[in-house]
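Read the structure below first, then the notes.
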Amino acid sequence: MRESKVLKPGLFAMVEVKPNENWPFVIGSVSDKADSITCELLVDEPRPINVKVGDELTLVCSTEVGVYRFPTKITAIETDPIRLTLAPQRDGATHIQRREFFRLSRPLVRASYRPLLGPEDIFHSELKEAPVKDLSGNGISFIISINEELAAGMPLRTEIELAGGRIVNLVGEVVRCLTNEPVMGKSLLCVHFSLIEECDRDRIIGQLFREQLDRAGRRRRLSRRN
């Protein structure tokens, strides 16, 4: 794949500094041969990133045709705001599944669930709505009261209302409950999607992608005004 077909100015991207540590950036400029790009950090408050010139990182770019991972190296660093100049490896792009990448905190969705204690519960119309802490193509976490915690392995019927009122129905499985998370007196109910239509998974991931772009755009506009 030619990098110039994927790496374009204005594209939202994530830089993997190390495993499980990702930082959001927007690409500012791309050289003619796509062997050098600049990108600017998108965060609400200025914060340092523990990187230096010569570090090898991974650049993950989300496009309409998929998500691509580029091995790259830092060639220059600017601060206030933080800008990186990166040198992507030629012909180093690999395509990854969308579901492996997207997870968004406080997504703009409504969701509810119901423990499946028997076959009849799958058709029961009464579900309990709860705030969503984060959402991905693989799972969801609800904020619930401590006294509503469920055992790991408990199957759940889950309903998610996406933008435009589209409803996604699926079956999940409780992975764990984290007591006093994210605040005292609450628990984080972490659910893995065990039975979901792939088209519904794509709809979830598509919304998360659009929300990430929108958030990044708002932060960029605010920083320009300030």
Side-chain angles (χ1 to χ4, degrees), residues 12-14 16 19-20 22 24 60-69 94-183 185-216:
F12 174 82
M14 297 292 284
E16 295 181 350
N20 299 318
N22 302 312
V60 182
C61 297
S62 309
T63 73
E64 293 181 354
V65 295
V67 179
Y68 293 88
R69 190 188 303 270
T94 57
H95 179 267
I96 65 175
Q97 294 292 323
R98 288 178 183 267
R99 73 192 68 169
E100 296 175 358
F101 177 64
F102 287 103
R103 175 171 291 275
L104 190 67
S105 294
R106 303 183 303 278
L108 299 177
V109 301
R110 298 178 62 183
S112 53
Y113 66 92
R114 178 181 180 83
L116 296 178
L117 304 176
E120 68 281 355
D121 287 328
I122 195 69
F123 302 108
H124 205 290
S125 61
E126 293 184 6
L127 285 80
K128 183 176 183 60
E129 185 172 344
V132 176
K133 172 64 168 57
D134 57 50
L135 176 65
S136 75
N138 279 337
I140 189 171
S141 64
F142 295 99
I143 300 173
I144 62 173
S145 298
I146 287 179
N147 58 11
E148 296 175 334
E149 288 189 356
L150 298 171
M154 171 69 72
L156 301 179
R157 176 187 166 194
T158 306
E159 184 176 282
I160 303 172
E161 182 179 345
L162 303 175
R166 181 183 291 274
I167 302 296
V168 170
N169 284 286
L170 56 95
V171 174
E173 180 178 301
V174 177
V175 178
R176 59 186 172 272
C177 278
L178 303 178
T179 305
N180 292 323
E181 291 287 345
V183 296
K186 298 289 185 180
S187 292
L188 202 60
L189 177 65
C190 303
V191 179
H192 172 74
F193 298 154
S194 54
L195 185 60
I196 179 174
E197 296 285 345
E198 287 304 308
C199 60
D200 286 335
R201 195 194 306 272
D202 288 342
R203 292 186 181 106
I204 291 172
I205 294 170
Q207 171 153 335
L208 301 183
F209 178 39
R210 289 188 293 272
E211 283 193 46
Q212 283 186 320
L213 290 176
D214 184 59
R215 291 183 186 185

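Residues: numbered from 1 along the sequence shown.
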Report task. Please lay out, stage by stage, how T158 and N169 fare under the test side-chain contact (heavy atoms from CB on, under 4.5 Å). Result -> CA-CA 6 Å; T158 306; N169 284 286; over 6 Å; no

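Pairing each heavy atom of H192 with each of N138, the nearest pair is ND1-O, 3.3 Å. Here the closest heavy-atom approach between residue G172 and residue V191 is recorded as CA-CG1, 3.7 Å. Closest heavy-atom contact between A130 and Y113: CB-CE2, 4.0 Å. When all heavy atoms of A111 and F142 are compared, the pair lying nearest together is CB-CE2, 3.5 Å. Between N180 and S187 the shortest heavy-atom distance is N-OG, 4.2 Å. Annotation for L135 and P107: closest pair CB-CG, 3.8 Å, computed over non-hydrogen atoms.
Ion pairing between a basic and an acidic side chain is recognised when a charged N comes within 4.0 Å of a carboxylate O; R166 and E161 show no such pairing. Salt-bridge formation is detected for the pair E148/K128: a Lys NZ or Arg NE/NH1/NH2 atom is positioned less than 4.0 Å from an Asp or Glu carboxylate oxygen. Ion pairing between a basic and an acidic side chain is recognised when a charged N comes within 4.0 Å of a carboxylate O; R69 and E16 show such pairing.
In the model, D134 has a side-chain atom that pairs as donor or acceptor with a side-chain atom of S141 under 3.5 Å.
In this structure, the separation between OG1 on T179 and CD on E149 is 3.5 Å, given to the nearest 0.5 Å. Here Q207 contributes atom CD and I160 contributes atom CD1; the two are 9.5 Å apart, rounded to the nearest 0.5 Å.
Paired with I140 under the rule side chain to side chain contact (heavy atoms under 4.5 Å, CB included), one option of L156, I204, V132 passes, and it is V132.
Using a 4.5 Å heavy-atom threshold, the side chains of P155 and E173 count as separate.
Shown here is E129, whose CD atom has more than 12 heavy atoms of other residues, nucleotides or ligands within 6.0 Å.
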